[in-house]
Amino acid sequence: MGNVPVTIRDFQPSDFDTLWRIDQTCFPPGISYSRAELQFYMRRRAAFTLVAIGKESLKVDSVSEARKENPASAIAGFIVAEAAPRGRGHIITIDVLSAARRFGVGSLLLRTAEERLGSTGCRAVELEAAVDNLSALGFYKRHGYHVIRTSPRYYSNGVDAVVMEKSLRDGAAG
C-alpha cells in the first residue's frame, strides 16, 4: 500500500455536515443515512468515528473540504464503529469519496477501527454490506471478512444485506 496520503483523526462535531454529505455521495437512497440516523449511530455509547484527512497529494472533490481556509487538508472518508456486547465489534459504515479510492484510505480507516476495537476487548467484528455492492464485498473479503449470513430486505429500499465477520484474535490489522 505504501505511503497512504491521509492521516486519521477522531471525529470533531464540526465535521458532521461534511460526513453526512459524503454518506449521501457514497450510497444510494435507502442505503445512505438520514441526518438523524447518522447522528444516532455516531452518538451511541460505545461508538466512535474516525475521519481520514487527505493530504495535498490526494485530490478530493469540493464536497469533502474540511475547512474552507485549508482546502489541501480535506476529509476523504470516515468510518463509524462500535464495541458491541460480548466481545464483538460492529462496523456501522465506512465511506470513502470516489476520488480518494484506490489510495488505501478505506484500508487505513478499517485497520485503525479494528485496532481500536481490539484494544477494547473485541474478539471479532461484524458488518453489513448490500448484496449488490460488489466492490464493498470484494474489499471486505480482501481484509479477511467472510459471509456468515444474509439479512433479507435489510435496507429501507428493500435490498438484502450480507453479514460479514472477521476474527480479531490473530491480530486486528489482518
Side-chain angles (χ1 to χ4, degrees), residues 1-11 15 19 22-23 26-28 30-33 37-54 58 75-98 100-174:
M1 189 175 320
N3 187 12
V4 178
V6 296
T7 57
I8 304 296
R9 66 162 170 78
D10 285 311
F11 164 79
D15 297 332
L19 301 191
I22 290 171
D23 190 65
C26 289
F27 295 103
I31 294 180
S32 61
Y33 291 118
E37 288 169 328
L38 187 57
Q39 285 178 330
F40 170 79
Y41 288 117
M42 291 172 71
R43 290 178 177 165
R44 288 170 64 109
R45 186 180 58 80
F48 60 89
T49 301
L50 301 172
V51 177
I53 304 296
L58 180 64
I75 296 177
F78 70 100
I79 188 168
V80 181
E82 70 179 332
R86 297 179 301 280
R88 302 193 66 76
H90 183 223
I91 303 297
I92 296 167
T93 190
I94 182 170
D95 300 48
V96 177
L97 287 168
S98 59
R101 293 180 189 154
R102 306 283 182 227
F103 287 96
V105 175
S107 295
L108 184 58
L109 282 165
L110 185 60
R111 190 169 49 251
T112 305
E114 289 171 347
E115 288 169 357
R116 186 173 292 186
L117 289 166
S119 73
T120 67
C122 291
R123 296 179 307 280
V125 180
E126 278 188 14
L127 57 84
E128 299 81 26
V131 295
D132 59 357
N133 189 342
L134 300 181
S135 62
L137 296 174
F139 172 80
Y140 292 126
K141 285 181 180 180
R142 285 191 304 276
H143 286 85
Y145 287 80
H146 63 277
V147 175
I148 56 173
R149 69 181 173 277
T150 301
S151 291
R153 302 184 59 78
Y154 178 84
Y155 295 102
S156 64
N157 64 358
V159 172
D160 295 351
V162 173
V163 181
M164 303 180 83
E165 179 183 63
K166 177 181 180 177
S167 172
L168 297 181
R169 286 183 223 133
D170 299 324

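In terms of heavy atoms, Ala52 sits closest to Val105 at CB-CG1, 3.7 Å.
In this view, Tyr154 satisfies the ring pair (Phe, Tyr, Trp, His ring centres under 6.0 Å) rule with no residue, not counting sequence neighbours. Checked against side chain to side chain donor-acceptor pair (under 3.5 Å), Tyr140 has no partners two or more places apart in sequence or in another chain. For Phe48, the side-chain contact (heavy atoms from CB on, under 4.5 Å) partners are Leu50, Ala81, Ala113, Arg116, Leu117, not counting sequence neighbours. Taking the ring pair (Phe, Tyr, Trp, His ring centres under 6.0 Å) definition, one finds that Phe27 meets it with nothing, sequence neighbours left out. Phe78 meets the ring pair (Phe, Tyr, Trp, His ring centres under 6.0 Å) test with no other residue; sequence neighbours excluded. Partners of Phe11 according to the ring pair (Phe, Tyr, Trp, His ring centres under 6.0 Å) rule, which considers only residues two or more places apart in sequence or in another chain, do not exist here. For Asp160, the side-chain contact (heavy atoms from CB on, under 4.5 Å) partners are Val131, Thr150, Pro152, Arg153, not counting sequence neighbours. Remark: Asp23 engages no residue in a side chain to side chain donor-acceptor pair (under 3.5 Å) (not counting sequence neighbours). Take Gln39 and apply the side chain to side chain donor-acceptor pair (under 3.5 Å) test, not counting sequence neighbours, and it matches no residue. Arg44 meets the side chain to side chain donor-acceptor pair (under 3.5 Å) test with Glu82; sequence neighbours excluded.
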Contacts under 3.5 angstrom, residues 88-95 side chains, donor-acceptor by atom type, not counting sequence neighbours:
residue	atom	partner	partner atom	Å
Arg88	NH1	Glu165	OE2	3.2
Arg88	NH2	Glu126	OE2	2.9
Arg88	NH2	Glu165	OE2	2.2
His90	NE2	Glu128	OE1	2.8
His90	NE2	Glu128	OE2	3.1
Thr93	OG1	Asp95	OD1	2.7

